[in-house]
Protein chains: 2
Amino acid sequence: MTDLYTTNALRLLQVADNFRDGLSGEFSAVHGISVNEFLLLLHIKRSASNRLSRVDLAKRMHVSASTITRMAAPMEKVGLVGREVDQRDARLIFVVATDAGQEKLSEALATFSKRASYLFSDRWEVDEVDQFASMLGRLIGGTCDTLA
Amino acid sequence: MTDLYTTNALRLLQVADNFRDGLSGEFSAVHGISVNEFLLLLHIKRSASNRLSRVDLAKRMHVSASTITRMAAPMEKVGLVGREVDQRDARLIFVVATDAGQEKLSEALATFSKRASYLFSDRWEVDEVDQFASMLGRLIGGTCDTLA
DNA sequence: GCAATAAGCTTGCATGCGCAAGTGATTTGC
DNA sequence: GCAAATCACTTGCGCATGCAAGCTTATTGC
């Protein structure tokens, strides 16, 4: 049949898909944002100075720069994020979270954590969760700016 | 900060994204198919009778029925899949893999396995891989038709 | 200094996808 | 038996996204 590496990779994709799908539904219904909008806010909050340039966001989120432009526009309109310019480099336009944006992130993060708990807590021992975290940490490696 | 469940879920999404992105690039460059087209072929191969109806495929792949219709059309045109009708129920249109489709799947599966090996083998002990498989298996649960 | 190159961002175009409506085939209720 | 409901599939429409081209601003080479 197929080796264990392959099986693991397939299951990894499947589990992530399932989780993301469920999350997407609850996010749009309860908070009115998409998973990617949530991740955008989260990346900003986890950044060093609470703001990120568009290309920086694009790299961290694994999307193109144009996607960031088109994601940020409606979020500005709704008041979740604002823009700041760099004094030194007029090319840079930072995305910052407004108070409303931070509030929205906080609510969405609660939903996220709730679903994460459902995923693990019922069927897992505490030390297994620890070990799983360490395994995932190694899989992420140093390849990208880590979110968690 | 954030609890371990949340961290794990974030990392899970991140690892899956990374893997899928890399896979997508190599698939389109080397095999000329998308990840979803690969998964479609794989679902058919893993099915009981080497063929699946469109709604069946949609459920297993977590996409809408219209997506299957639109994915299958170009794959038929290129000769990777064919269609079979059910004698009993004229509504059903099964998707089957042609010889070329099975060949393509086989090549793509080799690429997939190679990348899966890269992901795990360098940094993992054998029994860790075992344990990871069991953990992912529990995360998938009985919620959906399993692919691996 | 100034031309050439590069970086950050935006926009036009094409693609992939979900949702809702439509069509034809089958099952159900009575 | 037949009308109504259900199911499998397709199609029109809108949204999200990547790629390539273009614009503006910085940097580099000389």
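Below, chain A is the first sequence line, B the second, and so on; all start at residue 1.
- Residue pairs satisfying the ring pair (Phe, Tyr, Trp, His ring centres under 6.0 Å) criterion with at least one member in residues 88-107 of chain B, sequence neighbours excluded, are absent.
- Ring planes of A/Trp124 and A/Phe132: perpendicular class, angle over 60° (limits at 30 and 60°).
- Look at A/Lys114 and A/Glu26 and you find a salt bridge, because one of the NZ, NE, NH1 or NH2 atoms lies within 4.0 Å of a carboxylate O, short of that distance.
- Distance, B/Arg60 CZ to D/dA8 P: 14 Å, rounded to whole Å.
- With the nearest nucleotide of DNA chain D identified for both A/Ala65 and A/Asp86, A/Ala65 has the one nearer the 5' end.
- Ring geometry for B/Phe19 against B/Phe112 counts as perpendicular: the plane angle is over 60°, on a 0 to 90° scale with 30° as the lower cut.
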Take A/Ser24 and A/Asp21, measure what side chain to side chain donor-acceptor pair (under 3.5 Å) needs, and give me the verdict at the end.
CA-CA 5 Å; A/Ser24 172; A/Asp21 276 2; over 6 Å; no
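- No engagement by A/Ser34 is indicated, since no non-hydrogen atom pair under 4.0 Å with the nucleic acid exists.
- Linking Ile, Leu, Val, Met, Phe, Trp and Tyr residues whenever their side-chain heavy atoms come within less than 4.5 Å leaves A/Val96 and A/Leu80 in two separate clusters.
- We find that CD of A/Gln87 is positioned 11 Å from P of D/dA26, with the value rounded to whole Å.
- Under 3.5 Å, the side chains of A/Thr69 and A/Ser66 contain no donor-acceptor pair of N or O atoms.
- Going from atom CZ of B/Arg20 over to atom C1' of D/dT17 covers 14 Å, rounded to whole Å.
- One can place CG of B/Asp89 at 12 Å from C1' of D/dT6, the figure rounded to the nearest angstrom.
- Heavy atoms of other residues, nucleotides or ligands lying less than 6.0 angstrom from CG of A/Asp99 number 12 at most.
- Using a 4.0 Å cut-off between charged nitrogen and carboxylate oxygen, B/Asp89 and B/Arg91 count as a salt-bridge pair.
- Judged by closest nucleotide on DNA chain D, B/Arg70 is the one of A/Ala90 and B/Arg70 placed further toward the 5' end.
- Rounded to whole Å, the distance from CD on A/Glu37 to C1' on D/dC15 is 12 Å.
- Applying the 3.5 Å distance criterion, the base of D/dC7 shares a donor-acceptor pair with the side chain of B/Arg91.
- Following rounding to the nearest Å, A/Ile93 (CD1) and D/dT25 (C1') show an atom-to-atom distance of 11 Å.
- Direction of the helix axis in the helix from C/dG1-D/dC30 to C/dC30-D/dG1 shifts by 30° between the two five-pair termini, rounded to 10°.
- Reading DNA chain C from its 5' end, the first and the last nucleotide to sit under 4.0 Å from a heavy atom of chain B are C/dC17 to C/dT26.
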